Structure formats: structure tokens, C-alpha cells
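Hydrogens, waters and symmetry mates play no part in the numbers below; they use all other heavy atoms, side chains included. A quick note: this is a predicted structure, and the numbers were derived from the prediction, not measured. Counting begins at 1 with the first residue of the sequence.
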Amino acid sequence: MTKFQLYPVHEHCLEIIPGRFRRDWMEQTTDRFAYRCLPMVTANTSGWELLSPCSFEASWNGADHKTAISIRPTDGDATVDAIATSHFGHGVLTFHAGYIFVTDSGWGLDVRGAPNFIKDGIQALEGLVETDWLPFPFTMNWRFTRPGIVRFEKGDPLAFVVPIRHVLLDEIQPEIHDLHTDPDLQRRYAEWRDKRDGFIRKLSALDPATVKQGWQRNYSRGTHPDGSPAPETHMLKRALKAPRRAD
């Protein structure tokens, strides 16, 4: 089993849970159509969220010094003073998760904002942390995109962590091939393209059966355009394990 261990070193450690697929903006799309994008939903659940224990506001006046950011709780919970700070200046808001993370040799953590989780006025920064040797915690940072006020609610993901065997990346050699050098792939692409074009034409013409279908479901169903199944590795739904207390 791949090692992914957490050692609390802070009284106010952030709760960590498997990534949730729901997003407020996706819920508000017509007929919740955003959830039809299986790659996006899968990304939402392909990691663990570190949650805010309280609701708070952070404001930035646009200056570079540390005191240009102010933070205040909006629910009376002073825990925010222990987890959020202006440490670097330049509009960067810093969060302390409160853990030392430990992974197997060659594995690290991709630390970033939760996928497709949007905050107006602030952007989650991303870092790749070598947690196979690091004996101390790291911070999660967001940067204001403009002066103003941003609000985080209790339960919002402040960070999203994904174990990654990053040492293998240097071994990968990207290659660009002409499509005709792979006749089978070229055939399957042409079949998909023709069916896709035909579907769009019928949808534009308000063909009743096509309108009722709504969208093509090959990817969601895990089938090729000819109806043959995708590999067994096709992911319809991810169910990550919640952290447990070690024996």
C-alpha cells in the first residue's frame, strides 16, 4: 500500500476529507449540466480537501507589506487567527494545515486549490512538496488578484492534496506523431468526428430524439464510438478513503 501519513503538530489541524464532487456553480448550471463533464467531476474527487474550521473574511489594500492584509472571523470563531496569516506580503494569504505529511520515497504532494472551486478576487497557488523526506509542515498560499475582500465559509476547501510519484516525470519523453501513422486511432477518431458532427447537426435542427438525448455519453458510459467498451481502468466514480487513526 502506498504510504500517505499525517502527523499533527498543531492544536488546530485542518480537517481532511476525500474530495467532494459538488460545486456551487455547477449546481447552478441549467439542469446541472456541468456534471456531465466526467473529467471535471473526476478531478474534483481525485485528492483530499483540507477544510476551513470557521468562516472569515480577508481583505487586501493592494500594498506589498504584510500588514496590507487583514483577517477577521465572521462567525465569532477565533480559530482563524491560528490557521490564517499574512506571512509573505505582496497580497499572499497563507494557511497552516498543521500536519507533517509523509509519503513513500519518490512520492510527493501536489498541493493546490480544490479543482474547479472558484473564489472571486483570489487565486490558490500550487506547489509540489517532497514529502518523502520533509520533517516539517508546509503552508498553503492564495494570492489576491486585486485589492478587495474575499470570504471563506466554514467547510470551504483551503487546500487540496494529491500524492504523486513525481520522480517519474523526468523519465517521460513526449512525442508528436502524425495521425496517419496509427491507422486504428485515425479510424476511431474519424468515426467519433463523424458521429459528433451528425449529432450537432441534429441538435441544431431540434431533432426530437436528439434533443431528448441531450448529449453524447460515450465518455461517461465508457464506450468507444462503435459501442465497444473502454478499458477496465475507465473511472466512472472515485471513492477515496477518509483518513483513519493508526493502530
Side-chain angles (χ1 to χ4, degrees), residues 6 8-35 37 40-41 43-101 109-129 136-162 243:
L6 297 80
V9 293
H10 195 288
E11 180 183 357
H12 298 288
C13 295
L14 301 184
E15 180 183 4
I16 181 169
I17 65 170
R20 298 165 289 183
F21 76 91
R22 287 187 175 84
R23 298 290 183 267
D24 287 345
W25 72 268
M26 296 174 73
E27 294 284 333
Q28 296 165 11
T29 55
T30 303
D31 298 325
R32 302 169 76 241
F33 74 83
Y35 292 112
C37 181
M40 190 159 57
V41 173
N44 291 352
T45 56
S46 293
W48 285 262
E49 299 177 21
L50 291 157
L51 307 183
S52 176
C54 55
S55 298
F56 63 94
E57 286 183 348
S59 63
W60 180 47
N61 66 16
D64 290 338
H65 52 80
K66 296 179 183 180
T67 58
I69 292 178
S70 61
I71 305 162
R72 72 172 189 89
T74 56
D75 58 4
D77 189 340
T79 304
V80 66
D81 296 334
I83 65 166
T85 185
S86 176
H87 180 73
F88 297 105
H90 297 275
V92 175
L93 179 63
T94 297
F95 296 108
H96 298 278
Y99 299 99
I100 297 175
F101 290 87
L109 285 186
D110 185 10
V111 183
R112 60 180 189 264
N116 306 306
F117 179 77
I118 301 165
K119 283 287 185 188
D120 183 38
I122 198 167
Q123 170 67 44
L125 304 181
E126 183 170 354
L128 179 61
V129 184
F136 49 84
F138 53 80
T139 60
M140 172 64 194
N141 299 285
W142 295 60
R143 190 179 189 279
F144 282 85
T145 58
R146 61 178 182 273
I149 299 174
V150 296
R151 182 183 178 98
F152 288 84
E153 303 295 342
K154 182 178 181 178
D156 277 353
L158 300 181
F160 191 82
V161 295
V162 182

Closest non-hydrogen atoms of Ile69 and Gly91, given as atom of the first, atom of the second and distance, are CD1-C, 3.7 Å
Nearest heavy-atom contact between Ala43 and Pro115 is O-CG, 3.3 Å
What salt bridge (charged side-chain N to carboxylate O under 4.0 Å, His left out) pairs are there with at least one residue in residues 15-26, not counting sequence neighbours? Arg20-Glu49, Arg22-Glu27
Are any of the side-chain heavy atoms of Tyr99 and Leu50 separated by less than 4.5 Å? yes
Minimum-distance pair of heavy atoms, taken over all atoms of Ala63 and Trp60: O-NE1, 2.8 Å
May I have all residue pairs that pass salt bridge (charged side-chain N to carboxylate O under 4.0 Å, His left out) and include part of residues 66-86, sequence neighbours excluded? Glu57-Arg72
Is the shortest heavy-atom distance from the side chain of Val161 to the side chain of Val129 under 4.5 Å? no
Listing, residues 137-145 side-chain donor-acceptor contacts under 3.5 Å, not counting sequence neighbours, or none:
{"residue": "Thr139", "atom": "OG1", "partner": "Asn141", "partner atom": "ND2", "Å": "3.2"}
{"residue": "Asn141", "atom": "OD1", "partner": "Thr94", "partner atom": "OG1", "Å": "2.6"}
{"residue": "Trp142", "atom": "NE1", "partner": "Leu158", "partner atom": "O", "Å": "3.0"}
{"residue": "Arg143", "atom": "NE", "partner": "His90", "partner atom": "O", "Å": "3.2"}
{"residue": "Arg143", "atom": "NH2", "partner": "His90", "partner atom": "O", "Å": "3.4"}
{"residue": "Thr145", "atom": "OG1", "partner": "Gly121", "partner atom": "O", "Å": "3.2"}

Side-chain donor-acceptor pairs of residues 149-156 under 3.5 Å, sequence neighbours excluded:
{"residue": "Arg151", "atom": "NE", "partner": "Glu153", "partner atom": "OE2", "Å": "2.4"}
{"residue": "Arg151", "atom": "NH2", "partner": "Thr74", "partner atom": "OG1", "Å": "3.4"}
{"residue": "Glu153", "atom": "OE1", "partner": "Ser55", "partner atom": "OG", "Å": "3.3"}
{"residue": "Asp156", "atom": "OD2", "partner": "Lys119", "partner atom": "NZ", "Å": "2.9"}
{"residue": "Asp156", "atom": "OD2", "partner": "Glu153", "partner atom": "N", "Å": "2.8"}

Minimum heavy-atom separation for Phe21 to Asn44, with atom names? O-ND2, 3.0 Å
Would you say the side-chain atoms of Thr85 and His87 include a donor-acceptor pair closer than 3.5 Å? no
Heavy-atom side-chain contact between Pro53 and Leu14 under 4.5 Å: yes
Considering only heavy atoms from C-beta outward, does the side chain of Cys13 approach that of Pro8 to under 4.5 Å? yes
Using every non-hydrogen atom in the two residues, find where Pro243 and Ile16 come nearest and quote the distance to one decimal. CG-CG2, 3.3 Å
Distance check, rounded to the nearest 0.5 Å: Ile100 atom CD1 versus His10 atom NE2? 12.5 Å
Show me the pairs that pass salt bridge (charged side-chain N to carboxylate O under 4.0 Å, His left out) and involve residues 120-129, at least two apart or across chains. Asp120-Arg146
Looking at residues at least two apart in the chain, or sitting in another chain, which of them share a ring-ring contact (aromatic ring centres under 6.0 Å, His included) with Phe160? none
Backbone of Gly98 reached by a side-chain donor or acceptor of His96 within 3.5 Å: no
Over all heavy atoms of both residues, which pair between Phe95 and Leu93 is shortest? Give the atoms and the distance, please. CZ-CD2, 3.6 Å
